[in-house]
Amino acid sequence: MADTIPPLSVTEQKGIRIVEFTNNKILDEANIASIADTLTALIDENENPRLLLDFGTVDHLSSAALGMLININNKVRQKNGQLRLANIKPQIYEVFVITKLNKLFKILPTRAEALTNFTAH
Amino acid sequence: MAAANGKFPLQFTIPSDKSALHEVHKRIMDEVERHHYGEQSSFAIRLALEEGLMNAVKHGNKLDPTKTVHVEAKVTAKQTEIVIEDQGAGFDRKHVPDPCAEENLLKCSGRGLLLMEAYMDKIQYTHGGRRVKMIKKNDAA
């Protein structure tokens, strides 16, 4: 049976879209495409989108997931928006370090720190 | 789908279809879990297996439905050995761009090999790059 649980849960706080992953694995390409679609819609609906991705539930991710995140980062930048990543488990953070993507993304230890890291429009 | 021999108890020949990868991935990871691998080595094998299978289907066979991917695995309490072979044109590792180079950081692909090599203890490319053999020791053994 098809998985009917949306891969993301989205809330808003002070104009910042907070996105949580509902699955602990971001490996499967169909799942990654679905996440990309939802994030792209969130970027498209605002002039200067502010997105916080909370990785608290994520235990596994693939290079395809990293590619999707880079694409989302590029889209946010094109719209002069801001993207923050937070709450990444050490094992997952290591993947960002190995690929040097910790230099590309703004990664904060906690969601609270990420929320205060956004600059006002 | 699976046939057993002494060297590699798990053997699969699958079509170049992303949906066919799940069962192979699951069967091998079930064996890893059954042998109570440590968290770090289990994480490493899961990631490298995902990347290796996807590389074979997508970049090796280029999703050609007439081509197959052959996978062999031997999981013991000590280590996991996985061989993935596609029917594509192969590749030369030396000519694969470094995804960590400044000019490639914004590119959306090209990190699979880097992750496989970073997380597995041993990686060997043979048959012109069509065959990759990966070994990871169980850190809980």
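Treat the numbers as computed from the prediction; the structure is a model and nothing was measured. Chain letters run A, B, ... following the sequence lines, proteins first and then strands; every chain starts at 1. Hydrogens, waters and symmetry mates are skipped; everything else that's a heavy atom, side chains included, is used.
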Subject >> With Glu45(A) via salt bridge (charged side-chain N to carboxylate O under 4.0 Å, His left out) - residues at least two apart >> reply: Arg17(A)

Subject >> Atom pair SG/CD1 of Cys100(B) and Ile98(A) - distance to nearest 0.5 Å >> reply: 9.0 Å

**OP:** With a 4.5 angstrom heavy-atom cut-off, could you sort out which part of Leu115(B) is near chain A: side chain, backbone, both or neither?
**Re:** side chain

Original post:
Are Phe91(B) and Ile84(B) connected, step by step, through hydrophobic side chains (Ile, Leu, Val, Met, Phe, Trp, Tyr) whose heavy atoms are closer than 4.5 Å?
Top reply: yes

Original post:
Quick one: are Leu61(A) and Leu47(B) in side-chain contact, heavy atoms under 4.5 Å?
Top reply: no

Original post:
What residue pairs, at least two apart or across chains, pass ring-ring contact (aromatic ring centres under 6.0 Å, His included) with a residue in residues 6-28 of chain A?
Top reply: Phe21(A)-Phe55(A)

Subject >> For chain B, the option from Val95(A), Leu66(A), Leu69(A) that forms the most heavy-atom pairs under 4.5 Å >> reply: Val95(A)

Original post:
If every non-hydrogen atom of Ile70(A) is compared with every non-hydrogen atom of Leu105(B), which pair is closest and at what distance?
Top reply: CD1-O, 3.8 Å

**OP:** May I ask whether Met54(B) and Met29(B) are part of the same hydrophobic cluster, defined by side-chain heavy atoms of I, L, V, M, F, W, Y residues being less than 4.5 angstrom apart, directly or through others?
**Re:** yes

Subject >> Path from Phe105(A) to Leu42(A) over hydrophobic side-chain contacts below 4.5 Å >> reply: yes

Give every donor-acceptor pair between chain A and chain B closer than 3.5 Å, one pair per line, or write none.
{"residue": "Asp28(A)", "atom": "OD1", "partner": "His22(B)", "partner atom": "NE2", "Å": "3.1"}
{"residue": "Glu29(A)", "atom": "OE1", "partner": "Lys18(B)", "partner atom": "NZ", "Å": "2.7"}
{"residue": "Glu29(A)", "atom": "OE2", "partner": "Lys58(B)", "partner atom": "NZ", "Å": "3.2"}
{"residue": "His60(A)", "atom": "NE2", "partner": "Arg46(B)", "partner atom": "NE", "Å": "3.3"}
{"residue": "Ser63(A)", "atom": "N", "partner": "Glu51(B)", "partner atom": "OE2", "Å": "2.5"}
{"residue": "Ser63(A)", "atom": "OG", "partner": "Glu51(B)", "partner atom": "OE1", "Å": "2.5"}
{"residue": "Ser63(A)", "atom": "OG", "partner": "Glu51(B)", "partner atom": "OE2", "Å": "3.2"}

Original post:
Side-chain heavy atoms under 4.5 angstrom apart, residues restricted to Ile, Leu, Val, Met, Phe, Trp, Tyr: same cluster for Ile92(A) and Ile107(A)?
Top reply: yes

**OP:** Enumerate the residue pairs fulfilling ring-ring contact (aromatic ring centres under 6.0 Å, His included) with a member in residues 65-92 of chain A, sequence neighbours excluded, ordered by first and then second residue.
**Re:** none

Subject >> Rounded distance [0.5 Å steps], CG in Leu27(A) versus CG in Leu21(B) >> reply: 11.5 Å

**OP:** Treating Ile, Leu, Val, Met, Phe, Trp and Tyr as nodes and any side-chain heavy-atom pair under 4.5 angstrom as an edge, say whether Val57(B) and Leu10(B) lie in one connected cluster.
**Re:** yes

